[in-house]
Amino acid sequence: MINLAIFASGSGTNCENIIRYFASSELARVKLVVCNKAEAPVLDKARRLDVEAVHLGRSAFAVPEVLLPLLRQHHIDFIVLAGFLLMIPDFLISAYDHRMINIHPALLPKFGGKGMYGRHVHEAVKAAGEHETGFTVHWVSAVCDGGEIIAQRKVALADTDSVDLIAAKEHELEMAYFPGIIEQILKQNSPILS
C-alpha cells in the first residue's frame with residue numbers, strides 16, 4: 001500500500017475528492033494532509049474523512065527537522081500538492097524526487113510561475129483571449145511550475161466566457177480527472193514506491 005500525503009492551502013475540494021477516490025483502493029491511501037493555513041477548510045474536510053490533518057505554518061514548513069519526521073511518522077511514500085501555495089523547500093524536493101506532484105490550473109508552460117495561482121490564472125487566461133484552458137500535473141522541481149509535465153486535460157472556451165466560468169470549467173476537469181491521473185502515476189512508479 002502506497003501512503004499518500006496531500007499538501008493543500010484552501011477549501012480542499014481536490015483533497016476531499018482524492019481522499020474519497022482512494023478510500024477503497026488497494027493501491028494507495030491518503031494518510032496525511034498538511035496545510036499552511038490554520039483556518040483553511042481543508043483541515044476539517046480531511047478530519048471528517050478520518051485522515052490526520054496537520055497545520056504547519058510557513059516557518060515550520062521550511063524546517064527539515066519538523067517536516068521530514070512528520071512524513072516519516074506517517075510512512076509517506078508520495079506527496080500530492082493540491083492547491084498548495086508555498087514554494088517547496090529544496091530538502092523536500094530532494095527527499096521526494098519524482099515522488100511529489102503538483103496540479104496547476106492552466107496549460108503549462110503558459111500562465112505559470114510566481115503569482116500565477118487560483119483566480120489570477122483564470123484572469124490571465126481570459127485577458128489573453130485563450131480558446132482553451134485546463135490543468136497540468138507535473139513533477140515538483142525547484143522552479144515554480146517548472147517541473148516535467150506528466151499530464152494535461154483541456155476544455156474549450158468561448159469568447160463570452162467570464163473569469164468565473166473559465167474557473168468553473170477548469171475546476172470541473174480537476175474533479176473528473178485528477179484522482180485517476182494520480183492513480184496512473186502511482187501504478188507506473190509502484191516498483192520504486194513499494
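- A distance-only check finds a donor-acceptor pair linking the side chain of His104 to the backbone of Phe111 [under 3.5 Å].
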* To do: Give the intermediate values and the outcome of side chain to side chain contact (heavy atoms under 4.5 Å, CB included) for residues Glu170 and Val155.
  => CA-CA 7 Å; Glu170 186 277 326; Val155 63; 5.5 Å; no
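- To the nearest 0.5 Å, atom NE2 of residue His122 and atom CD of residue Glu130 are 13.5 Å apart.
- Among Asp97, Ile88, Ile101, the single residue meeting the side chain to side chain contact (heavy atoms under 4.5 Å, CB included) criterion with Val140 is Ile88.
- Closest approach of Ala82 to Ile18, counting heavy atoms only: CB-CD1, 4.5 Å.
- The side chain to side chain donor-acceptor pair (under 3.5 Å) test with Lys169 is passed by exactly one of Asp164, Thr133, Asp161: Asp161.
- A pairwise comparison of heavy atoms in Tyr21 and Gly180 identifies OH-CA, 3.6 Å as the closest pair.
- Nearest heavy atom pair, residue Ala8 against residue Phe84, reads N-CD1, 3.5 Å.
- Among all heavy-atom pairs drawn from His138 and Ile150, the shortest one is C-CD1, 3.9 Å.
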* Asked: side chain to side chain contact (heavy atoms under 4.5 Å, CB included) between Val80 and Val30: does it pass, once the steps are laid out?
  -> CA-CA 10 Å; Val80 176; Val30 178; over 6 Å; no
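- The same ILVMFWY cluster, assembled from side-chain heavy atoms under 4.5 Å apart, contains both Val63 and Met100.
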* Would you please test Phe61 and Phe7 for ring-ring contact (aromatic ring centres under 6.0 Å, His included) and show each step? => CA-CA 11 Å; Phe61 186 79; Phe7 290 7; 5.6 Å; yes
* Candidate pair Arg48 and Glu16, rule salt bridge (Lys or Arg N to Asp or Glu O under 4.0 Å), full reasoning -> CA-CA 10 Å; Arg48 280 198 300 271; Glu16 181 177 10; over 6 Å; no
* To do: Given side-chain hydrogen bond (donor to acceptor under 3.5 Å, both in side chains), test Glu52 with His74 step by step and report yes or no.
  => CA-CA 9 Å; Glu52 180 157 352; His74 291 87; 3.0 Å; yes
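- In the hydrophobic clustering of this structure, Val33 does not group with Val54; members are Ile, Leu, Val, Met, Phe, Trp, Tyr whose side-chain heavy atoms approach within less than 4.5 Å, directly or through other members.
- Arg29 contributes no side-chain N or O that, together with a main-chain N or O of Leu4, makes up a donor-acceptor pair within less than 3.5 Å.
- For Arg58, there are no salt bridge (charged side-chain N to carboxylate O under 4.0 Å, His left out) partners, not counting sequence neighbours.
- The local environment of NZ in Lys45 is crowded, with over 12 non-hydrogen atoms from other residues, nucleotides or ligands closer than 6.0 Å.
- Within 6.0 Å of atom OH in Tyr177, 12 or fewer heavy atoms from other residues, nucleotides or ligands are found, so the atom counts as exposed in its surroundings.
- Between Ile19 and Cys15 the shortest side-chain heavy-atom distance falls below 4.5 Å.
- Taken together through direct or relayed side-chain contacts under 4.5 Å among Ile, Leu, Val, Met, Phe, Trp and Tyr, Leu71 and Val51 form parts of separate hydrophobic clusters.
- Here the side chain of Asp145 pairs a donor or acceptor atom with the backbone of Gly113 at under 3.5 angstrom.
- Using modelled atom types, one finds no donor on one side chain facing an acceptor on the other under 3.5 Å when comparing His75 with Asn3.
- Remark: Leu56 CG to Leu86 CG distance equals 10.0 Å, nearest 0.5 Å.
- Residue Tyr96 places its OH atom among more than 12 non-hydrogen atoms of other residues, nucleotides or ligands, all under 6.0 Å distant.
- Ring geometry for His98 against Trp139 counts as tilted: the plane angle lies between 30° and 60°, on a 0 to 90° scale.
- Here the side chains of Cys35 and His55 are not in contact, with every heavy-atom distance at 4.5 Å or above.
- Side chains of His131 and Leu157 form no contact here, defined as non-hydrogen atoms less than 4.5 Å apart.
- Grouping the Ile, Leu, Val, Met, Phe, Trp and Tyr side chains by contacts below 4.5 angstrom, directly or via other members, places Leu81 apart from Tyr117.
- Considering all non-hydrogen atoms of both residues, Ala60 and Val66 come closest at O-CB, 3.7 Å.
- Residues Phe78 and Leu186 are in side-chain contact: their nearest non-hydrogen atoms beyond the backbone lie under 4.5 Å apart.
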* **Evaluation steps, side chain to side chain contact (heavy atoms under 4.5 Å, CB included), between Asn17 and Glu174** => CA-CA 9 Å; Asn17 195 29; Glu174 292 183 7; over 6 Å; no
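- The main-chain N or O of Leu108 is found under 3.5 Å from a side-chain atom of Thr136 such that the two form a donor-acceptor pair.
- Taking CG from Leu32 and CD1 from Ile6, the interatomic distance works out to 9.5 Å, rounded to the nearest 0.5 Å.
- Annotation for Gln184: atom CD counts as buried by contact number, over 12 foreign heavy atoms lying within 6.0 Å.
- Taking every heavy atom of both residues into account, Phe22 and Pro179 meet most closely at CZ-O, 3.9 Å.
- Checked by atom type, the side-chain pair Thr13/His171 shows a donor-acceptor distance below 3.5 Å.
- Annotation: the span from Ser141 atom OG to Asn102 atom CG amounts to 10.0 Å, rounded to 0.5 Å.
- The OG atom of Ser9 sits 10.0 Å away from the CG atom of Leu43 when rounded to the nearest 0.5 Å.
- Linking Ile, Leu, Val, Met, Phe, Trp and Tyr whenever their side-chain heavy atoms come within less than 4.5 Å leaves Met87 and Met116 in two separate clusters.
- Checked by atom type and distance alone, the side chain of Arg99 pairs as donor or acceptor with a backbone atom of Asp77 at under 3.5 Å.
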* Are Val125 and Lys110 close enough, and set up right, to give a side chain to side chain contact (heavy atoms under 4.5 Å, CB included), and what steps lead you there? -> CA-CA 9 Å; Val125 168; Lys110 292 182 177 181; over 6 Å; no
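- Atoms CD1 and CG, from Ile2 and Leu27 in turn, are 4.5 Å apart once rounded to the nearest 0.5 Å.
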